> 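Okay, handing you the structure first.
Note that the structure is a prediction, hence the values are computed from the model and not measured.
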Amino acid sequence: MVRCGSVWFRKYGNFIDNLRLFTRGGSGGMGYPRLGGEGGKGGDVWVVAHKKMTLKQLKDKYPQKRFVAGEGANSRVNALKGSRGKDCEIPVPVGISVTDENGKIIGELNKEKDRILVAEGGLGGKLLTNFLPLKGQKRVIHLDLKLIADIGLVGFPNAGKSSLLSQVSHAKPAIADYAFTTLQPELGKIVYNDFRQISVADLPGLIEGAHMNKGMGHKFLKHIERTRQLLFVVDISGFQLSSQTQYRTAFETIILLTKELELYKEELQTKPALLAVNKMDLPGAQDMNYIRKSLDEHANQENGAYHKKQLLNLQISNTISYNEPPPKNGVTSPR
């Protein structure tokens with residue numbers, strides 16, 4: 001952790017926003033037919049929310065990504081009712097959506113200690129099952145983070161998002177002079193003197209057509225949905241992905257970024273957003289020629305359209321006056 005002015009910065013950690021896990025409930029215990037004893041029920045598998053947990057920590061702690069509950073105890077002469085198997089709890093971050101292998105939502109964990117049953121233990125052997133135990137439920141589940149950060153940095157590739165994150169936090173994202181340096185979100189956290197913490201996510205660069213899944217497309221836009229607010233980062237010198245693509249001014253990039261979000265999902269327009277104009281230290285950045293040029297071009301277009309409309313109205317007016325018959329009670333001058 002380092003201090004800069006009145007604000008503390010620290011690295012939030014490498015980022016993972018989804019995991020695929022195998023879960024299985026415990027098998028039930030054997031019954032005791034001669035004495036009518038019942039085996040214990042197998043343990044259940046639960047997903048439980050914890051504030052200080054991350055999906056990366058979960059993956060590091062359980063690299064096999066297998067979670068199996070305990071088996072129920074067999075019925076015995078000195079314990080006709082077998083004890084229940086031990087439950088298995090999977091610790092996950094708050095803000096997780098749990099789905100099955102087919103994409104069906106099992107449930108959501110929106111606050112500390114929320115829990116969801118994902119794999120039920122099997123019944124112990126008893127008269128109903130001919131004293132034979134049942135196996136526990138097997139289930140493959142997917143964990144998806146609904147909210148990854150308070151602030152999401154949005155911009156075209158090479159706009160300077162990673163550089164900005166490296167300055168306002170202790171995160172160390174890859175920084176280079178080529179497109180798509182960031183291939184997955186990198187998180188940093190700002191810690192203020194009053195202990196208020198704000199997480200900032202450097203999101204992969206957007207390109208035109210992302211709403212149609214071009215480039216990183218929907219994967220990128222999915223991350224935007226998972227931030228509370230947006231910070232648009234725009235290069236003052238404009239953007240051009242390659243020599244084969246069209247050059248866009250800084251003003252045009254703002255319009256295009258907001259348009260891509262709107263075309264992907266209209267609700268994103270209601271998300272609070274700020275604008276950061278980057279690379280203002282470059283030569284010529286301060287004179288803002290591109291913005292002035294853009295404004296002048298739009299003004300000329302508007303003036304041209306206005307004059308054309310006025311001319312059309314005048315032509316219509318003259319045509320009507322020529323075709324109107326003289327009034328019936330009009331006075332004519334003598335020849």
Side-chain angles (χ1 to χ4, degrees), residues 12-148 187 222 226:
Y12 186 65
N14 295 331
F15 177 76
I16 296 176
D17 73 335
N18 62 81
L19 275 180
R20 180 178 182 271
L21 308 177
F22 171 83
T23 65
R24 187 179 72 206
S27 297
M30 287 289 295
Y32 203 118
R34 187 164 61 89
L35 299 176
E38 295 184 0
K41 180 183 180 298
D44 300 325
V45 182
W46 297 82
V47 177
V48 184
H50 295 272
K51 283 185 178 178
K52 295 185 178 180
M53 193 67 187
T54 68
L55 289 182
K56 184 178 186 302
Q57 290 172 337
L58 177 64
K59 182 181 178 182
D60 290 344
K61 189 173 181 180
Y62 304 98
Q64 300 300 319
K65 295 181 287 185
R66 291 176 59 89
F67 297 87
V68 180
E71 295 183 352
N74 295 334
S75 173
R76 305 188 304 275
V77 173
N78 59 348
L80 291 180
K81 178 67 175 178
S83 60
R84 177 187 171 89
K86 185 178 180 181
D87 286 349
C88 174
E89 293 190 355
I90 306 173
V92 301
V94 174
I96 284 286
S97 177
V98 184
T99 58
D100 64 15
E101 191 77 319
N102 298 317
K104 182 180 178 181
I105 295 178
I106 301 171
E108 296 183 344
L109 301 158
N110 297 314
K111 62 181 185 298
E112 175 84 357
K113 300 302 181 183
D114 274 359
R115 53 198 294 122
I116 298 172
L117 176 64
V118 293
E120 193 170 0
L123 294 175
K126 50 186 164 182
L127 182 61
L128 185 64
T129 65
N130 200 25
F131 297 99
L132 296 175
L134 300 182
K135 292 183 178 180
Q137 179 185 13
K138 289 183 182 180
R139 206 175 205 179
V140 172
I141 62 170
H142 293 262
L143 306 178
D144 284 288
L145 264 177
K146 297 190 301 172
L147 182 66
I148 63 173
L187 294 190
K222 176 189 72 172
R226 299 174 180 179

> Starting at CD1 of Ile90, measure out to NZ of Lys65 and round the result to the nearest 0.5 Å.
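Going from the CD1 atom of Ile90 to the NZ atom of Lys65 covers 12.5 Å.
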> Give a yes or no on whether the backbone of Ser97 and the side-chain of Asp144 come within a donor-acceptor separation of less than 3.5 Å.
no
> To the closest 0.5 Å, what do you measure between CE (Met53) and CD (Glu112)?
12.0 Å
> Which pair of non-hydrogen atoms, one from Phe67 and one from Leu58, has the smallest distance, and what is that distance?
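Looking at all heavy atoms of both residues, the closest pair is CZ-CD1, 4.0 Å.
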> Could you pull out the closest heavy-atom pair between Val48 and Arg115, with the gap in Å?
CG2-NH1, 3.7 Å
> So do the side chains of Lys138 and Phe22 get within less than 4.5 Å of each other, counting heavy atoms only?
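In short, these two side chains touch, coming nearer than 4.5 Å.
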> May I ask you to decide if Leu132's main-chain N or O and Asn130's side chain share a donor-acceptor pair within less than 3.5 Å?
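Not at all, since once roles are kept as given, no pair shorter than 3.5 Å links the two residues.
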> Could you tell me the separation between the CG atom of Asn102 and the NE2 atom of His142, rounded to the nearest 0.5 Å?
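One finds 9.0 Å between CG of Asn102 and NE2 of His142.
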> Go through the steps to decide whether Leu55 and Ile96 satisfy the test side-chain contact (heavy atoms from CB on, under 4.5 Å), and finish with yes or no.
CA-CA 10 Å; Leu55 289 182; Ile96 284 286; 4.0 Å; yes
> Assess the residue pair Arg24 and Lys135 against the criterion (side-chain contact (heavy atoms from CB on, under 4.5 Å)); give the C-alpha distance rounded to whole Å, side-chain angles, the decisive distance to 0.1 Å, and a yes or no.
CA-CA 9 Å; Arg24 187 179 72 206; Lys135 292 183 178 180; over 6 Å; no
> Quick one: closest heavy-atom pair of Cys88 and Ala69, and the distance?
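Closest heavy-atom pair between Cys88 and Ala69: CB-CA, 3.9 Å.
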> Apply side-chain contact (heavy atoms from CB on, under 4.5 Å) to His50 and Lys113, showing your working.
CA-CA 6 Å; His50 295 272; Lys113 300 302 181 183; 3.6 Å; yes
> Could you walk me through whether Arg20 and Glu101 satisfy the side-chain contact (heavy atoms from CB on, under 4.5 Å) test, starting with their C-alpha distance in whole Å, then the side-chain angles of each, then the deciding distance to 0.1 Å, before giving a yes or no?
CA-CA 9 Å; Arg20 180 178 182 271; Glu101 191 77 319; 2.8 Å; yes
> Between CZ of Phe131 and CG of Asn74, what distance do you get to the nearest 0.5 Å?
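Answer for the CZ-CG pair, Phe131 versus Asn74, is 13.5 Å.
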> Of all the heavy-atom pairs spanning Val98 and Leu109, show the shortest one and how long it is.
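Heavy atoms only, the tightest pair is CG2-CD1, 4.4 Å.
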> Can you tell me how far the CD atom of Glu38 sits from the CG atom of Leu127, to the nearest 0.5 Å?
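With rounding to 0.5 Å, CD (Glu38) is 8.5 Å from CG (Leu127).
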> Give a yes or no on whether the backbone of Val118 and the side-chain of Arg139 come within a donor-acceptor separation of less than 3.5 Å.
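Between the backbone of Val118 and the side chain of Arg139 there is a qualifying donor-acceptor contact (under 3.5 Å).
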> When rounded to the nearest 0.5 angstrom, what distance separates CG in Asp17 from CG in Leu143?
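Reported to 0.5 Å precision, the distance equals 11.0 Å.
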> Verify, without hydrogens or angle tests, whether Asp44 (side chain) and Glu120 (backbone) share a donor-acceptor contact under 3.5 angstrom.
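It does not hold such a pair.
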> Is Ser75 reaching over with its side chain to a backbone N or O of Leu80, donor-acceptor style, under 3.5 angstrom?
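Side chain of Ser75 to backbone of Leu80: a pair is present.
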> Can you name the closest pair of heavy atoms from Pro133 and Met30 and give their distance?
CD-SD, 3.2 Å
